[in-house]
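See structure below.
Below, all heavy atoms of this structure are taken into account, side chains as well, without hydrogens, waters or symmetry copies. Along the sequence shown, residues carry numbers from 1.
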Amino acid sequence: PSPSTWRAPLVTLLIIALALLTFALTMTPGPAVLWPRWTAMMVLAWWLPGALLVAHWRLAELDLPTMFVLALGLGFGWMMSGALLVHWLPGEIGFWTLALTNAVAALALGLALHWRPPLPLIATPRRTWMWLLGLLLITLALRIPGLAYHEFHYDEVLVLTRAREAIRGEDDALARHTKGPGEIAASIAVFRTLGTANEGTARLPFGLASVGSVLALALLGRRMFASDPVGFWSGLLLALNGFALGLSRIVQYQAAVLLLMVLAVLAAWRFAERGALRWLVLAALLSAWGLTLHYEFALVAPALLFLLWKG
């Protein structure tokens, strides 16, 4: 490997160090430290691992927008898995146990890129960038502002209660939940990092997952029909869908399930196009994480099985 292959591991190390430093400097509880700590944990447990996983997958003919949405999906699944792993350990979930587990795992992914560098990304046309950025702004404007404008609903309180029980080390906290454990696992990362959860900090991960699902659907439409207008309008229709919009602003699994559904279909479609096994494995992994969130993910099984047969 050339010296340039150390670039990704060193950038990974720097990001992890900054996240851990943020934690160390914000140990005193208070409103001023909530968002720095929230951001540091999302970087450490979600966004950084997601980007590193996409890099390790070495997907041919991958552009930056598709890499971005895949990183959101893979990173969300990684964050759930990390929280479930730490919960499996005996006793309470300590903050530093959670933080260092994610840090070590991300560091391992980053260091491995020295020996397994990612493939170069293909260029994205300027026209595609323009409508994607416009769609992103519309989606963000509809989903993110005012997340804390009303108090938690009953179902949200139930998820956060189960997360608190899991943090306290109650072994049956997840088993008592009638849905999948994924939404609790994602909430554990926030709750344990902050020592509390308000409407904004708890809902934002699911809101961002919903934003990712809109962009992912747009990219899927563009890929399936080789058409920028199809991509834009498919994304816009989902962005404006009232049902999807409402479910993007609560602590519930639906937004994340939709993101993983669309990404699994996108991966299966790419497998059907060329028969590349790594796309099929990616679709399977996304499906496993989707089922961890809720069995509703199985509704997309016919489409996945058809694309598997076509591939």
Side-chain angles (χ1 to χ4, degrees), residues 50 53-54 56-78 80-81 119 121-122 124 128 131-132 135 139 179-183 209-241 243-245 247-248 252-311:
L53 286 170
V54 177
H56 274 290
W57 229 270
R58 295 172 61 84
L59 299 166
E61 299 181 7
L62 185 69
D63 57 19
L64 185 57
T66 306
M67 177 184 176
F68 173 76
V69 294
L70 285 173
L72 280 180
L74 287 171
F76 199 94
W78 181 274
M80 292 190 304
S81 299
L119 296 179
L121 299 172
I122 64 173
T124 303
T128 302
W131 68 258
L132 275 174
L135 182 62
T139 308
K179 306 172 188 176
E183 60 185 2
S210 180
V211 172
S213 70
V214 170
L215 297 179
L217 185 64
L219 292 169
L220 175 60
R222 175 177 179 264
R223 183 78 188 187
M224 291 177 69
F225 295 93
S227 168
D228 280 319
V230 170
F232 172 76
W233 286 108
S234 59
L236 184 63
L237 286 173
L238 180 58
L240 299 178
N241 180 278
F243 191 60
L245 178 58
L247 292 174
S248 72
Q252 287 285 283
Y253 64 87
Q254 288 92 347
V257 164
L258 182 57
L259 170 63
L260 295 177
M261 273 184 170
V262 177
L263 291 178
V265 173
L266 175 60
W269 181 269
R270 296 293 294 266
F271 168 73
E273 286 180 331
R274 299 289 179 86
L277 186 60
R278 64 187 64 231
W279 282 107
L280 178 60
V281 176
L282 179 58
L285 178 60
L286 292 166
S287 299
W289 276 331
L291 290 170
T292 302
L293 280 159
H294 201 275
Y295 56 78
E296 282 181 8
F297 185 92
L299 293 172
V300 80
L304 296 176
L305 291 173
F306 173 76
L307 291 172
L308 172 63
W309 173 73
K310 290 289 289 185

Can you check whether [X] reaches [Y] side chain to side chain, under 4.5 Å on heavy atoms?
X	Y	value
L237	L217	no
L304	V265	yes
W57	L285	yes
E296	Y253	yes
E183	H294	no
L299	M261	yes
L70	L59	yes

So how far is it from [X] [atom1] to [Y] [atom2], rounded to the nearest 0.5 Å?
X	Y	atom1	atom2	value
F297	L258	CZ	CG	10.0 Å
L293	Q254	CG	CD	10.0 Å
D63	L219	CG	CG	6.5 Å
L307	E273	CG	CD	9.5 Å
L64	I122	CG	CD1	10.5 Å

Are any side-chain N or O atoms of [X] and backbone N or O atoms of [Y], one a donor and one an acceptor, separated by less than 3.5 Å?
X	Y	answer
R223	L266	no
S234	V230	yes
W289	F76	no

Which heavy atom in [X] sits nearest to a heavy atom in [Y], and how many Å separate them?
X	Y	value
A298	L291	N-CD2, 4.0 Å
A218	G235	CB-CA, 4.0 Å
F271	L280	CD1-CB, 3.7 Å
L286	G73	CD2-C, 4.4 Å
A244	L238	CB-CD1, 3.8 Å
A283	A268	CB-N, 4.0 Å

TODO: Please report the C-alpha distance between L74 and L282 in whole Å, then the side-chain angles of each, then the deciding distance to 0.1 Å, and finally whether the side chain to side chain contact (heavy atoms under 4.5 Å, CB included) criterion is met.
DONE: CA-CA 9 Å; L74 287 171; L282 179 58; 3.6 Å; yes
TODO: Please work out whether the ring planes of W131 and F232 are parallel, tilted or perpendicular, with thresholds of 30° and 60°.
DONE: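 Perpendicular.
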Task: Derivation and outcome, side chain to side chain contact (heavy atoms under 4.5 Å, CB included), residues L263 and L72 - done: CA-CA 10 Å; L263 291 178; L72 280 180; 5.8 Å; no
Task: Other residues, nucleotides, ligands: >12 heavy atoms within 6.0 Å of R274 CZ - done: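 No.
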Open item on the list: side chain to side chain contact (heavy atoms under 4.5 Å, CB included) for L62 and V54? Distances and angles first, verdict last.
Closed with: CA-CA 10 Å; L62 185 69; V54 177; 3.7 Å; yes
